[in-house]
Peer 1: 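Once you've had a glance at the structure underneath, I'll fire off some questions.
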Number of protein chains: 2
Amino acid sequence: MATGRTHRPATRSRGIPEATVARLPLYLRALTALSERSVPTVSSEELAAAAGVNSAKLRKDFSYLGSYGTRGVGYDVEYLVYQISRELGLTQDWPVVIVGIGNLGAALANYGGFASRGFRVAALIDADPAMAGKPVAGIAVQHTDELEKIITDNGVSIGVIATPAGAAQQVCDRLVAAGVTSILNFAPTVLSVPEGVDVRKVDLSIELQILAFHEQRKAGEEASSQDAAQPVTPPVRPAPADDSDRKGPDGDVPAVMPA
Amino acid sequence: MATGRTHRPATRSRGIPEATVARLPLYLRALTALSERSVPTVSSEELAAAAGVNSAKLRKDFSYLGSYGTRGVGYDVEYLVYQISRELGLTQDWPVVIVGIGNLGAALANYGGFASRGFRVAALIDADPAMAGKPVAGIAVQHTDELEKIITDNGVSIGVIATPAGAAQQVCDRLVAAGVTSILNFAPTVLSVPEGVDVRKVDLSIELQILAFHEQRKAGEEASSQDAAQPVTPPVRPAPADDSDRKGPDGDVPAVMPA
DNA sequence: CCATCTTTGTGCACGCGTTCACAAAGACAT
DNA sequence: ATGTCTTTGTGAACGCGTGCACAAAGATGG
């Protein structure tokens, strides 16, 4: 999963819990696959397995949307696809701009998953003048100067930031000022935005770090990985402000385990 | 934030809550930035602001690691950087393989955030024979046939999947069979893995769909967006199994709103 | 029309995560 | 030393999310 949330504090949107909203796209994908195989109906058990969740959770999630199932039978696939799409707002067209056409930006522009879900790449924007006019994924890259005009002309409300970290906040400010109210941020920075603007963050490095944590834990289950050769410099515990005597050569106090 | 979780059920890893682990990389990044500016100490309030979280939450998070602060002063930046790095397992070197060198895979290979955090790209793997040998981000792409050998020779335990959805499960199975126990999945599929293997999922399209949901909600606050022209075909509510008479030409029952 | 079987929808309890609010700890000045 | 001021670390309360378990609803067969 992508990570940084920044979900709305506790504002259950129209009674639908955030956690449920986050799972609807999962269900939708599984349902779409069933639809393509012309499967007419599906039980909560089957669909839950396909989406990788608990069937009770799935049923509760759907109960927030309404009673769309038939007891003894299951859910009508086509009907449910439509209902979830409508709930997620995918029955309308969402123009999206991608700012920062580096490796990642180009990958995003080429990503097929967008177009298939009601999202349309309205423009690709980059600060490098050398990029301007160059076609990426069949769309000519435009210069940052055009940003405001592009946003307003196309009625864009969703922006994707794929710039280096240093430029992200500035780009964000301009997007918001121009009218964008939802931002998907790939830059490794915390963006500050005014009230009413949604930010979701995808951070590749954070995901890896979380994996590393669990990996270390698995590996260190038996081997007490602690006294292994430390590749990085272990800094000393800052002295208790009593400057009179510094800790002797024993240094590196092993910082007692929490529990 | 990247999305699909698949966190371990309820196995609080060594007493540190999952939610806390997920935030540690955030703190680490903020601390690293402070460190580069040679800031010696930082208060929970300041650091929390930099990381975009609540200060009480931050203090509680740190309390799971130990008592690393000094009352009346704050936290020693260098010391905390080291402690968090160690906790996350970033003081050791993690060889990583990336499978699927398309647009996204190439972007990941070029992403600087990996190397700077103890992650080392050990190999790039692709199924296309035409890719074999071609250098991406300074590393020669290798063919899928070599996958098992690469994993075992380099002692790789973390794999990144950036293949098309159709190939993901197969690649996953081979990675796991070869000894990988942590997987970061960018393919839009639910991966099934044996017990003991961690999977984290990053799904670009899901993030956008969640944004669209909130965006629709904002837009539809006053305008009852419901009776606007529907671009997609609204399927009829499946008839109550009474096959005797099908709904006449009136068809399209507008599917009563849930609430 | 009745009985049986399947599957949904949900009331309820439990546990995790968040937040408040404050006592304890240490810095710093006098 | 003593007192004041700052900031941490945490006990406790609360709310959200999850999962169990079951009653109700409808299909299906006789």
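To find a chain, count down the sequence lines: A is the first, B the second, and so on, and within it residues start at 1. Because only heavy atoms are used, hydrogens play no part in the values below, and waters and symmetry mates are left out as well, while side chains stay in.
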Peer 1: Checking B:Thr189 against B:Gln169: is there a side-chain donor and acceptor pair closer than 3.5 Å?
Peer 2: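 Checked: B:Gln169/B:Thr189 side chains show no N/O donor-acceptor pair below 3.5 Å.
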Peer 1: Rounding to a whole Å, what distance do you find between A:Leu58:CG and C:dT10:P?
Peer 2: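 Going from A:Leu58 (CG) to C:dT10 (P), I get 14 Å.
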Peer 1: For A:Gln170, what residues pass the side chain to side chain donor-acceptor pair (under 3.5 Å) criterion, not counting sequence neighbours?
Peer 2: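 A:Gln170: no side chain to side chain donor-acceptor pair (under 3.5 Å) contacts found.
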Peer 1: Which whole-number value in Å describes the distance from A:Asp61 CG to D:dG17 P?
Peer 2: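 My rounded result for the distance is 10 Å.
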Peer 1: Establish, yes or no, whether a centroid distance under 6.0 Å links the rings of B:Tyr75 and B:Phe62.
Peer 2: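 They qualify: ring centres under 6.0 Å apart.
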Peer 1: Let me know, please, whether A:Ala19 or A:Gly72 comes out on the 5' side of the other along DNA chain D by nearest nucleotide.
Peer 2: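 Upstream on the strand: A:Ala19.
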Peer 1: Using side chain to side chain donor-acceptor pair (under 3.5 Å) as the criterion, list what pairs up with A:Thr163, not counting sequence neighbours.
Peer 2: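 Side chain to side chain donor-acceptor pair (under 3.5 Å) list for A:Thr163, sorted by chain: empty.
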Peer 1: So does B:Tyr75 get a side-chain nitrogen or oxygen closer than 4.0 Å to the phosphate oxygens (OP1/OP2) of D:dG9?
Peer 2: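 Indeed, a polar side-chain atom of B:Tyr75 lies that close.
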Peer 1: Which nucleotide in the set D:dT10, C:dT10, D:dA27 lies at the smallest distance from any side-chain heavy atom of B:Ser63?
Peer 2: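 Out of D:dT10, C:dT10, D:dA27, the nucleotide with an atom closest to B:Ser63's side chain is D:dT10.
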Peer 1: Determine, using ring centers only, whether A:Tyr111 and A:Phe114 are less than 6.0 Å apart.
Peer 2: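 Under 6.0 Å, so yes.
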Peer 1: Within the 3.5 Å criterion, strictly below it, is a donor on B:Arg59 or B:Ser44 matched to an acceptor on the partner's side chain?
Peer 2: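 On atom types as modelled, these side chains qualify, holding a pair under 3.5 Å.
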Peer 1: Take the protein atom NZ of B:Lys57 and the nucleotide atom C1' of C:dG17, then report the distance between them rounded to whole Å.
Peer 2: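 The answer, rounded to whole Å, is 8 Å.
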Peer 1: Is any side-chain heavy atom of B:Thr41 closer than 4.5 Å to one of B:Thr70?
Peer 2: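 Result no, sub-4.5 Å side-chain heavy-atom pair not found.
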Peer 1: Test: salt bridge (Lys or Arg N to Asp or Glu O under 4.0 Å). Region: residues 21-33 of chain A. Which pairs qualify, not counting sequence neighbours?
Peer 2: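 Only A:Arg23-A:Asp61, A:Arg29-B:Asp203 qualify under salt bridge (Lys or Arg N to Asp or Glu O under 4.0 Å).
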Peer 1: What pairs of residues pass the salt bridge (Lys or Arg N to Asp or Glu O under 4.0 Å) test when at least one of them lies in residues 30-48 of chain A, not counting sequence neighbours?
Peer 2: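 Salt bridge (Lys or Arg N to Asp or Glu O under 4.0 Å) check on residues 30-48 of chain A returns no pairs.
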Peer 1: Both A:Val73 and B:Val73 contact DNA chain C. Which one's nearest nucleotide lies toward the 5' end?
Peer 2: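 Whichever sits nearer the 5' end wins; that is A:Val73.
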Peer 1: Just how far, in rounded Å, is C1' of C:dT18 from CD of B:Glu18?
Peer 2: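 One finds 16 Å between C1' of C:dT18 and CD of B:Glu18, rounded.
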Peer 1: Rounded to whole angstroms, how far apart are CG on B:Leu80 and C1' on D:dT7?
Peer 2: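 Interatomic distance, CG of B:Leu80 to C1' of D:dT7: 15 Å.
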Peer 1: Which pairs, protein N/O on one side and nucleotides 20-22 of chain D N/O on the other, fall under 3.5 Å?
Peer 2:
residue, atom, partner, partner atom, Å
D:dA21, N6, A:Arg59, NH2, 3.4

Peer 1: Find the distance B:Ile16:CD1 to C:dG17:P and express it as a whole number of Å.
Peer 2: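 So the two atoms are 12 Å apart, to the nearest Å.
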Peer 1: Tell me the interatomic distance from B:Asp76, atom CG, to D:dT7, atom C1', rounded to whole angstroms.
Peer 2: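 Computing the B:Asp76:CG to D:dT7:C1' distance gives 15 Å.
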Peer 1: Just to be sure I understand the geometry, which residues of residues 40-49 of chain B put a non-hydrogen atom under 4.0 Å away from DNA chain C?
Peer 2: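 Contacts with DNA chain C under 4.0 Å: none.
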Peer 1: Does OP1 or OP2 of D:dT7 have a side-chain N or O of B:Tyr68 closer than 4.0 Å?
Peer 2: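 Answer is no, no contact under 4.0 Å.
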Peer 1: Per the atom types in the model, does the base of C:dT7 pair as donor or acceptor with the side chain of A:Arg71 at under 3.5 Å?
Peer 2: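 No such pair is found, so the answer is no.
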